[in-house]
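Data block below; observations after.
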2 protein chains.
Amino acid sequence: MGISKTEIFTDQQNEIALFAKAFGHPARVAILQHLFKIDTCVCGDLVNEIGLAQPTISQHLKALKNLGLIQGSVEGTRVCYCIDPKHWTKMKQILSNFLNQDVSIKSDCC
Amino acid sequence: MGISKTEIFTDQQNEIALFAKAFGHPARVAILQHLFKIDTCVCGDLVNEIGLAQPTISQHLKALKNLGLIQGSVEGTRVCYCIDPKHWTKMKQILSNFLNQDVSIKSDCC
DNA sequence: TTCATTCATCGTAATATTGCAATGAAGCAA
DNA sequence: TTGCTTCATTGCAATATTACGATGAATGAA
């Protein structure tokens, strides 16, 4: 009913899904790519860089922050965001494990 | 407005988001893991394996199939699903490229 | 043919997500 | 103080997703 029945899945499955959902929107992909590109951290430049309204960007940043993938530090009236390397690496390992399951070479289905 | 503004993002960003969305639900993660585990293909066993109703599983399978990640072949009254190795590999490369962006080692944000 | 099995599709309800205008909170400058 | 800037939050509308009962299509068995 529009709500995922998380309780019938393993913690691992739910964790993979949670992380994957973070990348499930092009705006969040763009935000992360931009944070990677410029090694100094950015703030509201993301609003100019990506063509979405400021509240929308703020919402996406919040989602990424809640997952721990980015961190923000206040600098006067500005807020500086950057990748959180530790959590990014952890997430990367979890997703890579899932993606790298071996595809058995038999090409035929059934 | 509930609709992603895909037009303001690059094809690459939209593609990453589309694939990631496929893993953004634990049921689809579970389906894929099960298809990997048993190397012979499965059909409605997925309904028993995962605790969701048959139409729900069917819906998730359709989503995965539309992305090309799995393929299904009819066998009498049954339908046999399995990973599509070619598309899986392609998807894996696209997502890995994104995940493996270098985290610059400077730990401090701004 | 009739019946049972298997799966897809339809229709619908409940919830989630996306997006933005309006507003609020916090800092800095004058 | 006032005003400006920057960002977060609130509130709401539009759309998407998730889930399942009911039904339909196709096959095989009797």
Side-chain angles (χ1 to χ4, degrees), chain A residues 1-9 13-14 17-31 34-35 41-67 70-82 109-110, chain B residues 1-9 13-14 17-31 34-35 41-67 70-82 109-110:
Chain A
M1 312 185 174
I3 187 171
S4 300
K5 290 188 153 185
T6 54
E7 69 277 7
I8 68 173
F9 301 103
Q13 288 164 341
N14 283 316
L18 269 185
F19 279 131
K21 211 183 290 184
F23 310 131
H25 193 287
R28 290 189 291 269
V29 172
I31 287 173
H34 195 69
L35 288 183
C41 303
V42 232
C43 345
D45 305 312
L46 287 164
V47 177
N48 298 323
E49 187 70 17
I50 305 168
L52 291 173
Q54 178 265 322
T56 308
I57 296 291
S58 200
Q59 208 169 6
H60 285 303
L61 286 170
K62 190 179 178 184
L64 292 172
K65 199 175 165 191
N66 283 343
L67 272 177
I70 65 175
Q71 55 193 35
S73 60
V74 181
E75 290 209 339
T77 60
R78 309 184 153 216
V79 179
C80 236
Y81 285 100
C82 64
C109 183
C110 309
Chain B
M1 313 183 172
I3 187 170
S4 301
K5 290 190 152 183
T6 56
E7 70 276 7
I8 68 172
F9 301 104
Q13 287 163 342
N14 283 317
L18 269 185
F19 279 131
K21 212 184 289 185
F23 309 132
H25 193 287
R28 291 189 291 271
V29 171
I31 287 173
H34 195 69
L35 288 182
C41 303
V42 233
C43 344
D45 306 312
L46 287 164
V47 177
N48 299 322
E49 188 69 18
I50 305 169
L52 291 174
Q54 179 265 322
T56 307
I57 296 292
S58 201
Q59 208 169 7
H60 285 303
L61 286 170
K62 190 180 179 183
L64 292 171
K65 199 174 164 190
N66 284 342
L67 273 175
I70 65 174
Q71 56 192 36
S73 59
V74 180
E75 291 210 337
T77 59
R78 309 186 153 212
V79 180
C80 237
Y81 285 100
C82 63
C109 183
C110 307

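Here is the naming used below: chain letters follow the sequence lines, and residue numbers restart at 1 for every chain. Given the structure is predicted, the values throughout are model-derived calculations rather than measurements.
Atom pair A:Ile57:CD1 and D:dA8:P shows a separation of 11 Å (rounding to whole Å applied). Between A:Asn66 atom CG and D:dT9 atom P the separation is 9 Å, expressed in whole Å. Atom P of nucleotide C:dT6 and atom OH of B:Tyr81 are separated by 15 Å, given to the nearest angstrom. A straight line from CD of A:Gln59 to C1' of D:dT6 spans 18 Å, rounded to a whole angstrom. In this entry the distance linking CD1 of A:Ile70 with C1' of D:dA8 reads 13 Å, nearest Å. Summarising the geometry, the separation between CD1 on B:Ile8 and P on C:dG19 is reported as 7 Å, rounded to the nearest angstrom. As a whole-Å value, the separation of A:Asp45 CG from D:dT5 P is 16 Å. Distance CG (B:Leu18) to P (D:dA16): 13 Å, rounded to an integer number of Å.
Judged by closest nucleotide on DNA chain D, A:Arg78 is the one of A:Lys62 and A:Arg78 placed further toward the 5' end. Residue whose closest nucleotide on DNA chain C sits further toward the 5' end, between A:His60 and A:Gln54: A:His60.
The side chain of B:Thr77 lies closest to D:dG28 when the candidates are C:dT9, D:dG28, C:dA26. Comparing C:dT18, D:dT9, D:dA19 by their closest approach to the side chain of A:His25 singles out C:dT18. With C:dT18, D:dG21, D:dA8 as the candidates, the nucleotide lying closest to the side chain of B:Pro55 is D:dG21.
Among the protein residues, A:Leu52 comes within range of the sugar-phosphate backbone only, with heavy atoms under 4.0 Å from sugar or phosphate atoms but none that close to a base.
Put simply, A:Thr56 has a side-chain N or O that comes within less than 4.0 Å of OP1 or OP2 on C:dC20. In this model, the phosphate group of C:dT17 is approached by a side-chain N or O of A:Lys21 to a distance below 4.0 Å at OP1 or OP2.
For the atom pair CD of B:Glu49 and CD1 of B:Ile31, the computed distance is 11.0 Å after rounding to the nearest 0.5 Å.
Between B:Phe9 and A:His25, the ring planes are perpendicular. Angles over 60° get that label, and only those under 30° would be called parallel.
The nearest pair of heavy atoms linking A:Gly24 to B:Ala20 is N-CB, 3.9 Å.
Although no hydrogens or angles enter the test, the distance criterion places a donor-acceptor pair under 3.5 Å between the side chain of A:Arg28 and the main chain of A:Lys21.
Two residues are said to be in side-chain contact when any heavy atoms from C-beta on lie closer than 4.5 Å; A:Thr56 and A:Val47 fail this criterion.
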